[in-house]
Amino acid sequence: MQDVVKTNPQAGQRKRKKRRRRRGNMSLYYLMLFVLAVIILYTLSRTVFFKVEYYDISGNSRYSDSEILGAAGLGDSENLYNIDLSATEAKIKKNLIYIDDVTVTRELPGTIVIEITEAEEFACCQYEGNRYAVISRNGRLLQTEQPEPEEDLLQIYGLDLIDVSLGDEFTSSDENKKSIIMNLLDVIDDICPGKIDYIDITDRTDITMSYDGGRIIIDFGSSLDYEYKMRYLITIIEANLDADASGELIYISSSSGVSFIPDEGLEELEQSKDKVEDMAGSGTEETEASDGTES
């Protein structure tokens, strides 16, 4: 006869609960170890590991490496991941006027790369009467409060500068003028770099320019279709006018084309204008004299 083994269901349930509790305790233990390991690794990465061993600075000629690092607030014993790249770029541009752009990146295991684009004096802008400001090609104010224009630079008149402050981008009381000038400069750089001597945008519907040292005065008109107009006008100058031609080139319309008046013709027009004004003045004097005559 086979013996019958009696089991206690409650005892079995208690054992299973203990095993589950132990597994739960172990999972919590491993989770705590993982979190602790992450904290330790993070702390080490910010203190012991990833030390900056080298600053790779390029593109700078006006400023020394030490001046750039000083402006950025960077020195020895920096941690690679404690450096705020965007804030570092902003510091360099703020503290060093002649830097147009800067890019700061990390390069493992321990290098900070700083790429500098230095600003070059590009144009001179008259403002507030007889004061002049020098701007870079990107519109950064490099010099202000100048009593005389920098004659070897492009001259820009009528830009209506406001809030003139070193290192800032220039602003105009007429924001349309700023966008027009920057667009025109892009086109000039593409079509005839170095050929335009001044731009007068006092009236943005009647823009004038000087080409090739003042040899040709361009009556550009408004900024409408500026790229087409600039290409058209420069083509006329270079393909249709003599190399030594001097005078005024007037853009009329896309259908009517342009009109060129040589210097001789301009002188004749001025003389004719003076004669008309003299005749008008004489007529006025005679009228006034006759009005004052007693009958």
Taking the basic N atoms (NZ, or NE/NH1/NH2) and the acidic carboxylate oxygens, is any pair closer than 4.0 Å for Glu169 and Lys178?
yes
Quick test of your reading of the model: are Lys177 and Asp174 salt-bridged, counting only N-O distances below 4.0 Å?
no
Under the side-chain contact (heavy atoms from CB on, under 4.5 Å) rule, what do Ile83 and Val52 come out as? Steps first, then yes or no, please.
CA-CA 10 Å; Ile83 296 173; Val52 176; 4.0 Å; yes
Closest contact, heavy atoms only, [X] versus [Y]:
X	Y	result
Phe260	Ala245	CZ-CB, 4.3 Å
Ala123	Ile156	CB-CD1, 3.8 Å
Leu159	Cys125	CD2-SG, 4.0 Å
Glu78	Leu74	OE2-CA, 3.9 Å
Asp263	Ser246	OD2-OG, 2.6 Å
Gly110	Leu80	C-CD1, 4.2 Å

[X] atom [atom1], neighbour heavy-atom count above 12 within 6.0 Å:
X	atom1	result
Asp152	CG	yes
Glu175	CD	yes
Asp76	CG	no
Glu120	CD	no

Find the distance between [atom1] ([X]) and [atom2] ([Y]) and round it off to the nearest 0.5 Å.
X	Y	atom1	atom2	result
Ile68	Asn60	CD1	CG	3.5 Å
Leu249	Ser259	CG	OG	8.0 Å
Ile97	Ser165	CD1	OG	8.0 Å
Ile99	Tyr63	CD1	OH	6.0 Å
Tyr132	Gln126	OH	CD	4.0 Å
Tyr251	Leu233	OH	CG	7.5 Å

Would you say that [X] contacts [Y] through its side chain, given a criterion of any heavy-atom pair below 4.5 Å between the two side chains?
X	Y	answer
Met209	Asp200	no
Ile162	Tyr127	no
Phe220	Met230	yes
Glu121	Arg137	no
Met182	Leu184	no
Ile218	Thr208	no
Ile199	Ile181	yes
Arg231	Tyr226	no

What about [X] and [Y], same hydrophobic cluster or not, with Ile/Leu/Val/Met/Phe/Trp/Tyr joined at side-chain heavy-atom distances under 4.5 Å?
X	Y	value
Ile92	Leu141	no
Tyr157	Ile135	no
Tyr198	Ile216	no
Tyr98	Ile57	yes
Leu241	Ile261	no

Val113 and Val104: CA distance, side-chain angles, deciding distance, side-chain contact (heavy atoms from CB on, under 4.5 Å) verdict:
CA-CA 6 Å; Val113 179; Val104 180; over 6 Å; no
Apply side-chain contact (heavy atoms from CB on, under 4.5 Å) to residues Leu69 and Ile114 and explain how you reach the verdict.
CA-CA 9 Å; Leu69 293 177; Ile114 302 176; 4.1 Å; yes
Quiz question: by atom type and distance under 3.5 Å, do the side chains of Ser136 and Asn138 form a donor-acceptor pair?
no
Without swapping roles, check the side chain of [X] against the backbone of [Y] for a donor-acceptor pair under 3.5 Å.
X	Y	value
Glu118	Arg62	yes
Asp197	Gly213	yes
Asp242	Asp244	no
Gln155	Leu153	yes
Thr144	Leu166	no
Ser179	Asn176	yes
Glu238	Thr235	no
Arg204	Ser222	no
Tyr55	Gly75	yes

Got a sec, which residues hit salt bridge (Lys or Arg N to Asp or Glu O under 4.0 Å) with Asp65, two or more places apart in sequence or on another chain?
none
Pairs touching residues 82-101 that satisfy salt bridge (charged side-chain N to carboxylate O under 4.0 Å, His left out), sequence neighbours left out
none
Decide yes or no on side-chain contact (heavy atoms from CB on, under 4.5 Å) for Leu142 and Phe122, but give the supporting numbers first.
CA-CA 10 Å; Leu142 305 178; Phe122 180 79; over 6 Å; no
